[in-house]
2 protein chains.
Amino acid sequence: MSKQIAINILKQHSQRATFRRIAVLEFLMEQAKAYSLTEMERLLSINIDRATIYRILQIFETEGLVIKMIDLNGTCIYMFNNQNHNDSKKHPHLRCKKCDKIVCLPCLPNEYMDKLDDFEINQIYFLMEGTCKECLSN
Amino acid sequence: MSKQIAINILKQHSQRATFRRIAVLEFLMEQAKAYSLTEMERLLSINIDRATIYRILQIFETEGLVIKMIDLNGTCIYMFNNQNHNDSKKHPHLRCKKCDKIVCLPCLPNEYMDKLDDFEINQIYFLMEGTCKECLSN
DNA sequence: TTAATAAATGCAACAGTGTTGCATAATTAA
DNA sequence: TTAATTATGCAACACTGTTGCATTTATTAA
């Protein structure tokens with residue numbers, strides 16, 4: 001049961017397992033998609049305020065539970081950071097504009113890393129948006 | 001004289017060379033940096049409204065004179081698209097958070113392009129933010 | 001050069017997202 | 001169960017993007 005998994009994750013991170021935090025975490029764990037505050041407020045089946053989602057996601061981001069990205073409209077979107085997702089090595093993402101699905105791309109080759117050494121990088125952000133195969137065929 | 005160059009560019013693109021358009025284009029041509037609407041409103045030495053800059057940049061983007069990106073705050077930033085800048089082949093950019101300087105990175109390797117074929121990409125957006133060598137040494 | 005036409009601009013207003021303070025509700029610890 | 005702590009909802013605000021409309025500016029025709 002994914003609800004119990006969500007509770008355990010919160011406990012492991014020394015965070016209170018409240019009704020709303022469980023709901024948000026469970027929602028994001030369900031699929032490899034990224035959502036904005038507004039989308040979550042609409043899609044979550046519980047009553048929850050935008051400010052609450054905002055603060056919950058801030059905590060989740062600090063704890064490394066979610067990855068925050070910015071879509072091409074400039075809106076913040078959040079994705080669950082599961083074990084398969086290689087967060088330690090930064091990499092680009094593809095996002096389907098229709099179904100919100102996120103696909104990870106390989107890490108960057110060395111010719112990039114050399115250039116990056118010139119910078120003191122504090123944030124790397126790569127996002128491509130398009131339409132995925134499944135959505136194209138529908 | 002860069003003002004005359006700006007006028008010529010506007011004429012080549014069949015756009016009216018108004019006082020404000022010349023100023024905006026000249027400003028962006030001066031350096032390889034990217035600015036937001038608000039920054040331009042502040043930094044331009046002329047009186048100009050945010051809405052006007054907004055509409056001017058819309059035209060410039062359509063004409064391929066500027067490249068629009070989104071910084072890590074979700075704010076749109078605009079950079080002059082000069083001849084050296086290989087716009088036909090999409091590539092990532094590095095931006096210095098202190099001096100706003102933009103550095104182009106190489107085009108993406110084939111292993112990326114293969115994955116991209118699965119998507120019908122309508123927008124590619126890569127941006128990294130950090131601090132450049134010069135700013136680090138100051 | 002001037003008048004008529006077309007387009008650009010400023011102002012004001014609004015929408016959407018991010019963000020915060022504060023009173024209240026929920027959770028935890030004693 | 002009660003006291004202390006924390007989470008939440010509500011309201012408000014800041015900032016950016018965006019648009020309508022009246023006015024100014026630039027272009028075209030005479």
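Residue numbers start from 1 in every chain, and the chains themselves are labelled A, B, ... in the order their sequence lines are given, proteins ahead of strands. Please read these numbers as outputs of a predicted model, since none were measured by experiment. Computed over heavy atoms, backbone and side chain alike; hydrogens, waters and symmetry mates excluded.
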B/S/- contact track for nucleotides 22-30 of chain C, protein heavy atom under 4.0 Å: -----BS--
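- Between the side chain of B:Thr75 and the backbone N or O of B:Asp71, no donor-acceptor pair lies under 3.5 Å.
- Remark: P of D:dG17 and CD1 of B:Ile53 are 11 Å apart, rounded to the nearest angstrom.
- One interatomic measurement links the two molecules: CZ of A:Arg50 to C1' of C:dG18, which rounds to 7 Å at whole-angstrom precision.
- Between B:Tyr35 and B:Ile77, the closest side-chain pair of non-hydrogen atoms is not below 4.5 Å.
- Listed for the A:Asn81 side chain is no donor-acceptor partner under 3.5 Å among the backbone atoms of A:Ile67.
- B:Phe80 has its ring centre no less than 6.0 Å from the ring centre of B:Phe60.
- Remark: C1' of C:dA6 and CD of B:Gln15 are 14 Å apart, rounded to the nearest angstrom.
- Across the interface with DNA chain D, nearest-nucleotide mapping of A:Asn47 and B:Cys76 shows A:Asn47 to be the residue nearer the 5′ end.
- A distance-only check finds a donor-acceptor pair linking the side chain of A:Lys33 to the backbone of A:Cys99 [under 3.5 Å].
- Of the residues in residues 30-41 of chain A, none has a non-hydrogen atom less than 4.0 angstrom from any atom of DNA chain D.
- In this structure, CG of B:Asp71 is placed 14 Å from C1' of D:dG17, rounded to the nearest angstrom.
- Following rounding to the nearest Å, B:Lys68 (NZ) and D:dT16 (P) show an atom-to-atom distance of 14 Å.
- For A:Glu41, the side-chain contact (heavy atoms from CB on, under 4.5 Å) partners two or more places apart in sequence, or in a different chain, are A:Arg50, A:Ile53.
- Atom CG of B:Asp49 is separated from atom P of D:dC21 by 17 Å (rounded to the nearest Å).
- Side chain of A:Arg20 to main chain of A:Asn47: a donor-acceptor pair is present (N/O by atom type, distance under 3.5 Å, no hydrogens or angles).
- Distance CG (B:Leu57) to P (C:dT9): 11 Å, rounded to an integer number of Å.
- Judged purely by atom type and a 3.5 angstrom limit, A:Glu26 has no side-chain atom pairing as donor or acceptor with the backbone of A:Ala23.
- A sub-4.0 Å separation between OP1 or OP2 of D:dG17 and a side-chain N or O of B:Tyr54 is absent.
- If you measure from atom CD of B:Glu61 to atom P of D:dT18, you get 10 Å, rounded to the nearest angstrom.
- Looking only at distances, no side-chain donor or acceptor of B:Arg21 sits under 3.5 Å from a matching main-chain atom of B:Ile56.
- OP1 and OP2 of D:dA26 both lie 4.0 Å or more from every side-chain N or O belonging to B:Arg21.
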